[in-house]
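As structure tokens, the structure follows; a few thoughts come after it.
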Amino acid sequence: PIAAMVYATWHSAVDVEQERLHGIAERTLRRADLSYQEALAALKSAEASAMAPCSSEHIRRMQTLVMTTPSIDQMGYFEGGRLRCTSWGAFEGTVEHPRADHVTSDGAGIAVDIRPAATGGRKVLAVLYGSYDVLVDPRHFVGIIADPDVRLALASPDGRLLTRQSGIDQALLLKLLRDPGEGLDDETLYASARSEQWLAIATAPRTALAATFRQQAWLFVPVGLLLA
């Protein structure tokens, strides 16, 4: 009976942790969608503007949209397939309109690994709509978890990676992008969640099961002792 209770405790701990990771993946979907919808609303507002392109009034309007939209860091206006101005001001260089790596059901494009031309900062995501794009720090999409052991990745529903946190196992990530699911391998516990727009993957090291196992042991092992 004791061995059976230990076995039951282990499986209960795995179930509890997978349920926790699945919940984190679900929250990642909601956070990603909130950030995306904020960005899309700003893009649609800019696209509806009748201001003269790249005029002082137009640039001030883009600056206002950036300042009032928490998820975006920069907005750009394209004409003839090239960047003409951004929320920082007029742009004199040559930057072509990004190619979308994923197109959402709203008709917006998402491009990954974009280097901001105006500032030269770290690579970001670009959300594209009409003549505009906005730049979004990927951490807005996956930076929601306080647990230092959990690692997150976000992809399109068909498995095209959009952003990921450092430390996630590359081989496991590729497997889950092809075939999302829940499970446990020799080193990692994992779970995923998918919506119409996104696929979220959450992983944690197998060692994270230890604390949950101890908690579950208080439920199962005393029963085994009584039955012994």
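Remember, predicted model here, so these are calculated numbers, not experimental data.
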*Step by step, would you call Gln197 with Asp106 a side-chain contact (heavy atoms from CB on, under 4.5 Å)?*
CA-CA 9 Å; Gln197 303 282 22; Asp106 300 297; 3.2 Å; yes
*Give the intermediate values and the outcome of side-chain contact (heavy atoms from CB on, under 4.5 Å) for residues Ser195 and Leu29.*
CA-CA 7 Å; Ser195 68; Leu29 293 181; 4.1 Å; yes
*Do Arg99 and Asp101 pass the salt bridge (Lys or Arg N to Asp or Glu O under 4.0 Å) test, and can you show the C-alpha distance, the side-chain angles, and the key distance before you say yes or no?*
CA-CA 6 Å; Arg99 180 183 61 83; Asp101 294 292; 3.6 Å; yes
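Both Leu125 and Val66 are part of a single hydrophobic cluster, where members link through side-chain heavy atoms under 4.5 Å apart. A continuous path of ILVMFWY side-chain contacts below 4.5 Å connects Leu199 to Ile168, so both sit in one hydrophobic cluster. One hydrophobic cluster, built from ILVMFWY side chains closer than 4.5 Å, holds both Val136 and Leu154. The cluster map of Ile, Leu, Val, Met, Phe, Trp and Tyr, joined by side-chain heavy atoms under 4.5 Å apart, puts Tyr129 and Val127 in the same cluster.
Considering only residues two or more places apart in sequence or on other chains, His58 meets the ring pair (Phe, Tyr, Trp, His ring centres under 6.0 Å) condition with Tyr77, Tyr132. Not counting sequence neighbours, Arg194 has no partner by the side chain to side chain donor-acceptor pair (under 3.5 Å) test.
Closest heavy-atom contact between Ala100 and Gly109: CB-CA, 3.8 Å. Between Ala191 and Leu21, the closest heavy-atom pair is CB-CB, 3.8 Å. Residue Pro138 comes nearest to Lys123 through the heavy atom pair CD-O, 4.1 Å, listed as atom of the first residue, atom of the second, then distance. For the residue pair Ala111 and Leu128, the shortest heavy atom distance occurs at CB-CD1, 4.5 Å.
Taking CD from Gln74 and OG from Ser87, the interatomic distance works out to 5.0 Å, rounded to the nearest 0.5 Å. Residue Ser35 holds its OG atom at 13.0 Å from CZ of Arg30, rounded to the nearest 0.5 Å. The distance from atom CG of Leu83 to atom CD of Glu92, rounded to the nearest 0.5 Å, is 10.5 Å.
Within the 4.5 Å cutoff, the side chain of Thr86 has no heavy atoms near those of the Met62 side chain. Side-chain contact between Val112 and Thr163 is absent, with no heavy-atom pair separated by less than 4.5 Å. A 4.5 Å side-chain heavy-atom check between Glu196 and Pro157 finds every atom pair outside the cut-off. Residues Ile201 and Leu177 are in side-chain contact: their nearest non-hydrogen atoms beyond the backbone lie under 4.5 Å apart. Put simply, the side chain of Thr203 does not reach to within 4.5 Å of the side chain of Asp169, judged on heavy atoms. Arg31 is not listed as a side-chain neighbour of Thr28, based on a closest heavy-atom distance of 4.5 Å or more. Ile114 has its side chain within reach of Pro98: a pair of non-hydrogen atoms, C-beta onward, lies under 4.5 Å apart.
Of the possible donor and acceptor atoms, none in the side chain of Asp149 sits under 3.5 Å from a partner among the backbone N and O of Ala204.
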Can you give each donor-acceptor pair under 3.5 Å made by side-chain atoms of residues 179-187, sequence neighbours left out, with the distance rounded to 0.1 Å?
from	atom 1	to	atom 2	distance (Å)
Glu182	OE2	His22	ND1	3.3
Asp185	OD1	Glu187	N	2.9
Asp185	OD1	Thr188	N	2.5

Only pairs under 3.5 Å count here: list side-chain donor-acceptor contacts from residues 38-45, not counting sequence neighbours, and write none if there are none.
from	atom 1	to	atom 2	distance (Å)
Glu38	OE1	Ser71	N	3.4
Glu38	OE1	Ser71	OG	3.1
Ser45	OG	Arg61	NH2	2.6

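Other residues, nucleotides and ligands contribute at most 12 non-hydrogen atoms within 6.0 Å of the CD atom of Glu96. Within a 6.0 Å sphere centred on CZ of Arg160, heavy atoms belonging to other residues, nucleotides or ligands number more than 12.
The pair Glu57-Arg60 fails the salt-bridge criterion, with no side-chain N (NZ, NE, NH1 or NH2) lying under 4.0 Å from an Asp/Glu carboxylate O.
Residue pairs that meet the ring pair (Phe, Tyr, Trp, His ring centres under 6.0 Å) test with at least one member in residues 172-207, sequence neighbours left out, are Tyr36-Trp198, Phe141-Trp198. Sorted by first and then second residue, the disulfide bond (SG atoms under 2.5 Å apart) pairs with a member in residues 42-107 read Cys54-Cys85; sequence neighbours excluded.
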